[in-house]
Colleague: 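Before I ask anything, here is the structure I am working with.
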Amino acid sequence: MPLQVADTLAPDTPDKEYLWTLNFGPQHPATHTTLRLVLTLDGEKVVNAVPHIGYLHSGFEKLGEHLDFNQYVTIVDRMNYLSPLANEIAWHHAVEKLLGIELTPRCKYIRTIFSELLRIQDHLLNVGTSALDLGAFTAFLYCFTQREKIYDIIELASGQRFHSSYTRVGGVMFDVNDLWVRKVRDFIDGLPKTHDEVHRLLTRNRIFIDRIKGVGVLTKEDAINFSVSGPVARASGVVRDIRKDEPYLCYKDFDFKVICSQNGDCYARYLVRMGEIIESLKIIQQALENIPTGPINVDVDSRVVLPAKPAVYRSIEGLIQHFEVIMPNRGYSAPKDEVYAAVEAPNGELGFYLVSDGTNRAYRARTRPPSFIHFSVFPHMIKGHMLSDVVAVLGSLNIIAAELDR
Amino acid sequence: MIEESTLKQQFGDGIWISEFRDNRRVVVSAEQVHHLLAHLKNQLGFDFLVDITAVDYLEYENSTDRFGVVYCLLNMQTGERLVVKTFVNDPNPSLPTVYSLWRGSDWMEREVYDMFGITFTGHPDLRRILSPDEFSSYPLRKDYPLKGRGERHNFPVITRAES
Amino acid sequence: MAVGLPENVFLTKLDVAANWVRSNSLWPMPFATACCGIELMATASSRFDLARFGAEVMRFSPRQCDLLIVAGRVVMKMLPVLQRIWLQMPEPKWCISMGACACSGGVFDTYAVVQGIDRFIPVDLYVPGCPPRPEQLIAGIIELQDRIKKTGTLDGREFVTRTAATGPQPLELDEIRRLREATPVAGLEIFSTPDIKT
Ligand code: SF4
């Protein structure tokens, strides 16, 4: 049971001399990235925490106003860099909603598989590093081995292992082949073993449990009031998953569960993530067996996607269309309107608010970053806990600085 | 589903609803926005604030107002989404804060202030959040250049010999 | 009578001995800000295993390190921190700039991102790529080790001559061009940071 702040502060000591201030970050191993916390401590108890962010603010949204819909995908990649492809899918989901494009079935399946692979990748790293911060090094290495396999799968499909820039408006860059399918299959065969090992290492580990159980509790009411989403909210008992509630891509076709917990502490968040890995595996399994054949890009006549290479070289129409799409002043035009679209990214609801002025670049491309909102809850969650719990709570929230600051 | 007529009864004719794809949008004047949001939250069950953001319409065709402030709401029970939009203008663009309704709005409003210079009256801690405290412009306004005004070059240089 | 050397004694210069020791026990300080930091983690973990090359003792305190690896973009709020960390590291020290962002700003030619850390702190080696593959980073570290072996001196004489900043100066031609692109507006003072060296 966390101590109440009121216990530690006698109200009649006006200057509170016994409190001291600790600066945490911006370059600190437990933050993984660049955050800064100014903690007010009473002995080892955290009385107040003031986050200072912006140490990685690099103007993503301003760049989004200067690059066109396809170019900006290279930038959104760099947003949540634990799962770059998930951002691309979210971005193009918003763009396609603005343009009113309905994807081809094959493309939908490919994107679904990728977004689930990336969810696994994100959760694996989060589980690994949050254990690493609490002193369990082995799980981190096990998780990283599996992550490397996902990198290989991405590399095979797109040519880059990290920032793949794989999606395009109305489709994806390359089609996948049989080797890729085999690789994914290998991966889903191998992952449960690692998952079990991590389970055995951590889930009933006395030290691990003692460090995170009952720490950083977020109640359901607070979770809703603070706009928290994704695994963090589900660990607090908010039953909401955009994949189920507003199915996009082809999540309607699959059978999977939404993992929730009621405790809302760090341990619950850890368990929810571990559970989601298994659910994602299920989705991939179902999707992989049912990938439809057909084109990966929407109809060539729609003037949004690049035509196939043979068409460019063999027919004048294809060449003209290629030219029209590539030339900056001849590109397609979007409706002059505004749209908000969100997907369930590994970290929570990742949405884009797009304002279009009728050209092929966004007038305003606002990101709704889950990390930003989760970190704003942090002071509320840490009050009354010990200094050493700071890393546990930070680890369980999965704060990604580039998404936090953009 | 929010009906235009019921809202009109409560808030007068200054309110209109439009639809695009699956987004429903309510546009309301800056004076009424807090009232409307409170009504939406307390009576109509929009208990989840998804996002607050702003748009600078300086270079937008046929626009009459400088800034649009956008609130995206979500009803947790029914899953219904609603976008509430309002406009503010120079000088001194300002809106009442919604911190009393949703505590999650704290940082979102600070970000809008930092990026656009729109102040939220009544906000408990309205400081810059992403840019440094000494920064003097609002980077997401359209009259601020993408590459800045040279702020990024304004630092002391350390050479190898002297460090 | 000529005195022969016993079998297991070598004659060498003190410089060379020091270089040999230094180059094989680099202690990196990972200044990981963004995506490149994840690749840095991957380099240190099981598949690529930086430990094979004697540079795996990551220490997060600058006081214990002699190799600063700047992985990821550095923005104007972060640069004073970076400079401070660099000044806190004990001699002899080296700096690797990992990734396009740290080297030149990369894709982020925006108001907030410093266009290459070499403008403001000295850099010894650049590892290009966005992000560089782990193999590439390892190649960079080996290259740096070679360089230390070849050019290092016991008392750091090779550092004393480097009196100019490594990167382009803020007012070189391409910089002026960049600045001109940003339309200046009268009456807006440019923001400045306090001099941290004092
Ligand atoms: S170089 Fe690329 S991978 Fe590295 S920090 Fe910059 S954007 Fe990220």
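Quick caveat, the model's predicted, so the values are computed rather than measured. Here is how names work: the chains are called A, B, and so on, in the same order as the sequence lines, proteins then strands, and each is numbered from 1.
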Colleague: Between C:M41 and A:F140, is a side-chain contact (heavy atoms from CB on, under 4.5 Å) present by the stated rule, with each step listed?
Modeller: CA-CA 10 Å; C:M41 263 187 194; A:F140 169 75; 4.3 Å; yes
Colleague: Taking all heavy atoms of C:V75 and all of A:Y55, pick out the closest pair and write down the distance.
Modeller: CG2-O, 3.3 Å
Colleague: Show, in sequence, the C-alpha distance, side-chain angles and deciding distance for A:R147 and C:I38, and conclude whether the side-chain contact (heavy atoms from CB on, under 4.5 Å) test is met.
Modeller: CA-CA 11 Å; A:R147 270 176 68 86; C:I38 304 295; 3.6 Å; yes
Colleague: Looking at every non-hydrogen atom in both residues, tell me the closest pair between A:G54 and C:K77 and how far apart they are.
Modeller: O-CD, 3.5 Å
Colleague: If I measure from the heavy atoms of chain A, does C:C130 come under 4.5 Å with its side chain, its backbone, both, or neither?
Modeller: both
Colleague: Report which part of C:I85 has an atom under 4.5 Å of a heavy atom belonging to chain A: side chain, backbone, both, or neither.
Modeller: side chain
Colleague: Measure across C:Y111 and A:G59 and return the closest heavy-atom pair with its distance rounded to 0.1 Å.
Modeller: OH-CA, 3.6 Å
Colleague: Count the heavy-atom pairs under 4.5 Å between each of A:R161, A:K62, A:H66 and chain C, then report the option with the highest count.
Modeller: A:R161
Colleague: So, for C:R73 and A:R78, which heavy atoms are closest and what is the spacing to 0.1 Å?
Modeller: NH2-O, 3.6 Å
Colleague: Going through the checks in order, is the side-chain contact (heavy atoms from CB on, under 4.5 Å) test met by C:R47 and A:F144?
Modeller: CA-CA 8 Å; C:R47 181 154 159 201; A:F144 238 93; over 6 Å; no
Colleague: Using a 4.5 angstrom heavy-atom cutoff, name the option from C:A112, C:P30, C:C35 with the most pairs to chain A.
Modeller: C:C35
Colleague: Please report the shortest heavy-atom distance between C:T110 and A:L63, naming the atom on each side.
Modeller: CG2-CG, 3.4 Å
Colleague: Please classify the contact between C:V81 and chain A as side chain, backbone, both or neither, with a heavy-atom cut-off of under 4.5 Å.
Modeller: side chain
Colleague: How long is the straight-line distance from CD of A:E155 back to CZ of C:R133, given to the nearest 0.5 Å?
Modeller: 4.5 Å
Colleague: Is a donor on one side and an acceptor on the other found under 3.5 Å between the side chain of A:E148 and the backbone of C:F48?
Modeller: no
Colleague: Is the count of non-hydrogen atoms from other residues, nucleotides or ligands lying under 6.0 Å from A:W180 atom CH2 greater than 12?
Modeller: yes
Colleague: Looking at OG of A:S58 and CE of C:M76, how far apart are the two atoms once the value is rounded to the nearest 0.5 Å?
Modeller: 10.5 Å
Colleague: How far apart are the closest heavy atoms of A:Y81 and C:T33, and which atoms are they?
Modeller: OH-O, 3.7 Å
